[in-house]
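The analysis underlying the following values was restricted to heavy atoms, covering all of them including side chains, and did not include hydrogens, waters or symmetry mates.
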2 protein chains.
Amino acid sequence: MPQLAEVFRVHGFEGASLSRIRAETGLGKGSLYHFFPGGKDEMAAAVLADVDAWFLREVFSPLDSLPPEEGLALMWRAVDGYFASGRRICLVGAFALDATRDRFAAAVCGYFERWIASLRGALLRAGLANARAAALAEDLVLSIQGALVLSRALREDAPASHKDTVFSRALRRMQDEVGQALKRPPA
Amino acid sequence: MPQLAEVFRVHGFEGASLSRIRAETGLGKGSLYHFFPGGKDEMAAAVLADVDAWFLREVFSPLDSLPPEEGLALMWRAVDGYFASGRRICLVGAFALDATRDRFAAAVCGYFERWIASLRGALLRAGLANARAAALAEDLVLSIQGALVLSRALREDAPASHKDTVFSRALRRMQDEVGQALKRPPA
DNA sequence: AAAATGGTATACCGATCGGTAAACAAAGCG
DNA sequence: CGCTTTGTTTACCGATCGGTATACCATTTT
């Protein structure tokens, strides 16, 4: 399943041909269609569900139920780890850009809505005003996606130099932004 | 050429099959290969060059040569118009996400580097400190890309309601950020 | 009018696409 | 042991892929 996800991440939905999937997973065509009778669509849907489950467990739930500061700290760690400091992109974001979005509209839309909602909730509980929490939550999720795009565009996938990439810089900037917002009185 | 660009934008490089291109442009296969003997790669390269030229003319050059406030104002207008308030995505950003990036690495990388550099230059000339200008320029370009991803993910391509979309909100927030940075002494 | 030019339409190529079917292997279980 | 279940292999399907070749058409040039 991780390998399956990787194929979609690297090549996109259209670019993830069955032969590439076979090569990456080592499974024959028959095996793939045994597990996913619905074909490529079902594979992609399963991967999306898997991603969603991971984020639900590692990001959304902590944001919802833990003290906001803890939840936020966990989110930054999880995001930096999951996206490999910008070397790996967001599958959902990639699907959102092309026509693939229409096929998996519910999953794509739900993923981002949920993320923003959980983040907004945590920020609210951390003391931010309603409007400010909503705006900041949206801005943070949006910036993460943008950082992934830019990080990949500038070819920062060198195995070394984890430190000063666009993604790491952006992540630090976001944390600062949250920190300042929580210290200061809501604007 | 605009139609050609649209096919790549909507379907991505892999999803932009020659038959779809033919359908969209109305040209026969022969005509396409007459103008682009190099096939799909050359078409995509031409589209990328076209996009780059447009941004050079409408965004980068104004940022470089006009007074910074004017250049910035033009950029916001151009960006909002070009991306149709979030209803149209950035072709270069989309290419950057999947394996297509490797094929057009130079163009993709150059596009973003140039954008950030021009923006940084304008911010510098507007009075920002070196580090702050660089960080803000990166953050703005990154946020635009993120706003496009999120805007599409949340299906905000309804023809009506131009006003309060994720993209419009994000654009306004960025303008505020720049405005505040220019007013205040550099942090 | 003849020839060359710029562009188009069409048929076709091998390769690969996503997907199906059937034969087969290996356990699980009575 | 036989029988089913679970999974894999393999061959194959029609459709479509990107790309080529050729014939054709409309100008323009000579």
Proximity to DNA chain D (any heavy atom under 4.0 Å), residues of residues 31-48 of chain A only: A:Ser31, A:His34, A:Phe35
Touch class at under 4.0 angstrom, heavy-atom based, for B:Gly30 against every strand present: base
A:Arg120 side-chain N/O to A:Ala137 backbone N/O, donor-acceptor pair under 3.5 Å: no
Pairwise ring-ring contact (aromatic ring centres under 6.0 Å, His included) hits with a residue in residues 66-94 of chain B, at least two apart: B:Trp54-B:Tyr82, B:Phe55-B:Tyr82
A:Arg57: partners by salt bridge (charged side-chain N to carboxylate O under 4.0 Å, His left out), with sequence neighbours left out: none
Sidechain N-carboxylate O distance under 4.0 Å for B:Asp164, B:Arg172: yes
Listed partners of B:Ser17 passing side-chain hydrogen bond (donor to acceptor under 3.5 Å, both in side chains), at least two apart: B:Ser19
Selection: residues 9-23 of chain A, any non-hydrogen atom under 4.0 Å of DNA chain C: A:Ala16, A:Ser17, A:Leu18, A:Ser19
Test ring pair (Phe, Tyr, Trp, His ring centres under 6.0 Å) applied to A:Phe104 - qualifying residues, sequence neighbours left out: A:Phe13, A:Phe95
Any side-chain heavy-atom pair of B:Arg114 and B:Leu56 under 4.5 Å: yes
Connected-component partners of A:Leu66 among ILVMFWY, side-chain separation under 4.5 Å: A:Leu74
With B:Asp80 via side-chain hydrogen bond (donor to acceptor under 3.5 Å, both in side chains) - residues at least two apart: B:Ser85
Protein-nucleotides 11-13 of chain D N/O pairs closer than 3.5 Å?
none

A:Gly28 backbone acceptor or donor facing A:Arg22 side chain under 3.5 Å: no
Partner set under side-chain hydrogen bond (donor to acceptor under 3.5 Å, both in side chains) for B:Thr100, not counting sequence neighbours: B:Asp98
side-chain hydrogen bond (donor to acceptor under 3.5 Å, both in side chains) against B:Arg103, all qualifying residues, sequence neighbours excluded: B:Asp41
Between the protein and nucleotides 23-29 of chain D, list the N/O to N/O atom pairs that are separated by less than 3.5 angstrom.
none

